[in-house]
Amino acid sequence: MSTVRLDAKTPPGPLADAWDNHRFSLKLVNPANKRHFKIIVIGTGLAGASAAATLAELGYQVDAFTFHDTPRRAHSIAAQGGINAAKNYRNDGDSVDRLFYDTIKGGDFRSREANVYRLAQLSLNIIDQATAQGVPFAREYGGLLDNRSFGGAQVARTFYSRGQTGQQLLLGAYQAMARQVGLGTVKLWVRTEFMDVVLKEGRAVGVVVRDLLTGEITSHSAHAVVLCTGGYSNVYYLSTNAMTCNATAIWRAHRRGAAFANPCFTQIHPTCIPAAEDFQSKLTLMSESLRNDGRVWVPASPDDDRPPRQIPESDRDYYLERVYPAFGNLVPRDVASRAAKRMVDAGHGVGARKNGVYLDFQDAIARLGREAVAARYDNLMEMYNRITDEDPYQDPMRIYPAPHYTMGGLWVDYNLMTTIPGLYALGEANFSDHGANRLGASALMQGLADGYFVLPYTIGDYVAEFLNESPVPTTDEAFAQTEAELRERISGLLSMNGNRTVDDFHRQLGRVVWDECGMSRSEEGLDRALTYLPDLYEEFRSDARVPGDGESLNQTLEKAARLEDFFELAMAMCVDARHREESCGGHFRVEHQTPQGEAVRDDEQFTMVSAWFWTGDPTRPLLQEEPLAFENVQLTTRSYK
């Protein structure tokens, strides 16, 4: 199989000048010509809505697709705690360079320097943009924008809107896009799911979509296609993601030739409500911002079953403060998650199922007063109370790590283009900025940087080649063939008349991936998964039941198609995790750890991006490596002690 040579297009020269110099080198499309180009945007969350709005404002014709009934339902609304920016309003030592370093270090030195530095630079623009849109960021008494701290940083750089930051930022991007819809420069397609990308002569020329209400399959052509479809944490079945979040867009692009980078780099969020039963279908995130004022602890004795308020300070173990005194409760997510797992595995778990640790606000309430704590977190406290029927103002929250975010995704170059010319990936759909572990409050930053400030510059460099060329017509054979393949696939799914539900198979897949490729991985466990998963996949295809038809709303059919992709992706995750013989960030191989349980990297062998190409067999993808060069930061062992 032939593959594309990986060219990251990383600009030469000093990092501080790289983005400016790169923009100057890009081809431009003059304003009068932009209206002759059509761009398809898949997904209308933060990355998609900001990209669609900005491209249309520049003059491009944009078709935007979402499977929701409104873009406001995008999963971006679930981001609670905040968005990072190196404004240094607190005058506490922050800077673009410090945000850059914290992000590189937080990702355990497994991301590109140039991409991360650009992200840190653009963080400044994002806050100005959002504030101008009317996003109601929290403000100090004097009226200036407020900041709070997040994990992996020793400065306060996180801008927030109580516990609803993602929702408010999305409304800002949505209103900008809605304005363009009203002007006719964006055509919005709702309840329409991306099913495949169409290639002609090796480049992306359009998409095939399915109307979720009528089942109608249609083709749409454009000069370029932009995927803004989020991550794949729902491969674990139980995750903090909305239940409709899926990997179909990026996986179908991968099957068409787009390299998939670092699929084993998944993030387990340390602050989630523990599962209450075996048949639960969703986990709930509790914002990392709560660790600003909440203290994490467990009973010092594994046999201590007393209610938390009856356990005196002398019988408590504030283990994060004990082990990581410099950062305390604000260590990065991968570190906090593994620490919680160690405590629960050692028998210190709390709650009826012994599957959590405490997050306690009594010290903050005593220091600041309940009213001040409520002003910061009341909507989160209310959410916790509604789900658990416990009052976090009186008793500590119970929390435990859960799948939340995926740093892996489609490989993209500095311009955000995949290995398929004309196909771009933004936000969580790509791999580019977070390495092996994303710092809290950086997902919103990346999605908006990509959509508002990166793609609008870089996409012109590609489409300029097609000036005076119309998009490939949807009557072309390339569209007909892709549609025919999709119809055959749907027909095959509808013919499945077995005995088990799709959800049952998804739950079983998720348990295997969580056990063998979750918070900890081992050679033995990954080999076990790679033996078991192909058999489970075949069982799914022979014994799952998909009732109904394809000409109307059929959510079981939707789930079955997405689960097919999750099965193949799960195998790729395990292959990648098996190949990467080191521990870094969220990828923790038990064979590579210190006596204290900390990650041990292998910089000699694995200071690189693993880019995998589809071969037809998900257990045998083809690997190409992109070496990572660190010229501005020194490779060191991460320490938060």
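Residues passing the side-chain hydrogen bond (donor to acceptor under 3.5 Å, both in side chains) test with Asp20, sequence neighbours excluded: Arg23. Every residue meeting the side-chain hydrogen bond (donor to acceptor under 3.5 Å, both in side chains) condition with Arg562, not counting sequence neighbours, appears here in chain and number order: Glu193, Glu558. With sequence neighbours excluded, the residues satisfying side-chain contact (heavy atoms from CB on, under 4.5 Å) with Ala32 are Asn30, Arg35. Scored by the salt bridge (charged side-chain N to carboxylate O under 4.0 Å, His left out) test, Glu626 finds Arg112 as partners (sequence neighbours excluded). A search for salt bridge (charged side-chain N to carboxylate O under 4.0 Å, His left out) contacts involving Asp69 returns Arg73, not counting sequence neighbours. Evaluation of the salt bridge (charged side-chain N to carboxylate O under 4.0 Å, His left out) rule for Asp196 yields Arg256 as partners, not counting sequence neighbours. Under the rule for a ring-ring contact (aromatic ring centres under 6.0 Å, His included), the partners of Tyr462 that lie at least two apart in sequence or sit in another chain are Phe466. Residues that satisfy the side-chain hydrogen bond (donor to acceptor under 3.5 Å, both in side chains) test with Asp433, not counting sequence neighbours, are absent from this structure. Under the rule for a salt bridge (charged side-chain N to carboxylate O under 4.0 Å, His left out), the partners of Asp94 that lie at least two apart in sequence or sit in another chain are Arg157.
For the residue pair His404 and Thr240, a side-chain donor N or O sits within less than 3.5 Å of a side-chain acceptor on the partner. A donor-acceptor contact closer than 3.5 angstrom links the side chains of His22 and Asn415. Under the 3.5 Å distance criterion, with hydrogens and angles disregarded, a donor-acceptor pair is assigned to the side chains of Ser219 and Glu483. Using modelled atom types and a 3.5 Å distance limit, the side chains of Trp19 and Gln121 yield no donor-acceptor pair. A donor-acceptor contact under 3.5 angstrom links the side chains of Thr158 and Asn84, judged on distance only.
Taking the ring axis of Tyr160 as reference, the NZ or CZ atom of Arg148 stays within 45° of it and closer than 6.0 Å to the ring centre. Judged by a 6.0 Å distance limit and a 45° cone about the ring axis, Arg118 is positioned over the six-membered ring of Tyr414.
Put simply, the side chain of Thr607 reaches to within 4.5 Å of the side chain of Arg110, judged on heavy atoms. You'll find the side chain of Arg162 stays beyond 4.5 Å of the side chain of Gln168, heavy atoms only.
Within a 6.0 Å radius of NZ in Lys187, no more than 12 heavy atoms belonging to other residues, nucleotides or ligands are found. Shown here is Arg90, whose CZ atom has more than 12 heavy atoms of other residues, nucleotides or ligands within 6.0 Å. Other residues, nucleotides and ligands place no more than 12 heavy atoms under 6.0 Å from the CZ atom of Arg72.
In this structure a side-chain-to-backbone donor-acceptor pair under 3.5 Å is present from Ser233 to Tyr405. With Asn262 contributing its side chain and Ser610 its backbone, the two residues share a donor-acceptor pair below 3.5 Å.
Within the structure, every pair that satisfies the ring pair (Phe, Tyr, Trp, His ring centres under 6.0 Å) test and touches residues 43-79, not counting sequence neighbours, is listed here: Phe65-Trp189, Phe65-His220. Residue pairs that meet the ring pair (Phe, Tyr, Trp, His ring centres under 6.0 Å) test with at least one member in residues 33-55, sequence neighbours left out, are Phe37-His223.
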Atom pairs and distances, donor-acceptor, side-chain atoms in residues 6-13, under 3.5 Å, two or more places apart:
residue: Asp7; atom: OD1; partner: Lys9; partner atom: N; Å: 3.0
residue: Lys9; atom: NZ; partner: Asp413; partner atom: OD2; Å: 3.4

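Electrostatic pairing of Asp334 and Arg438 does not count as a salt bridge here, judged by no charged N lying under 4.0 Å from a carboxylate O.
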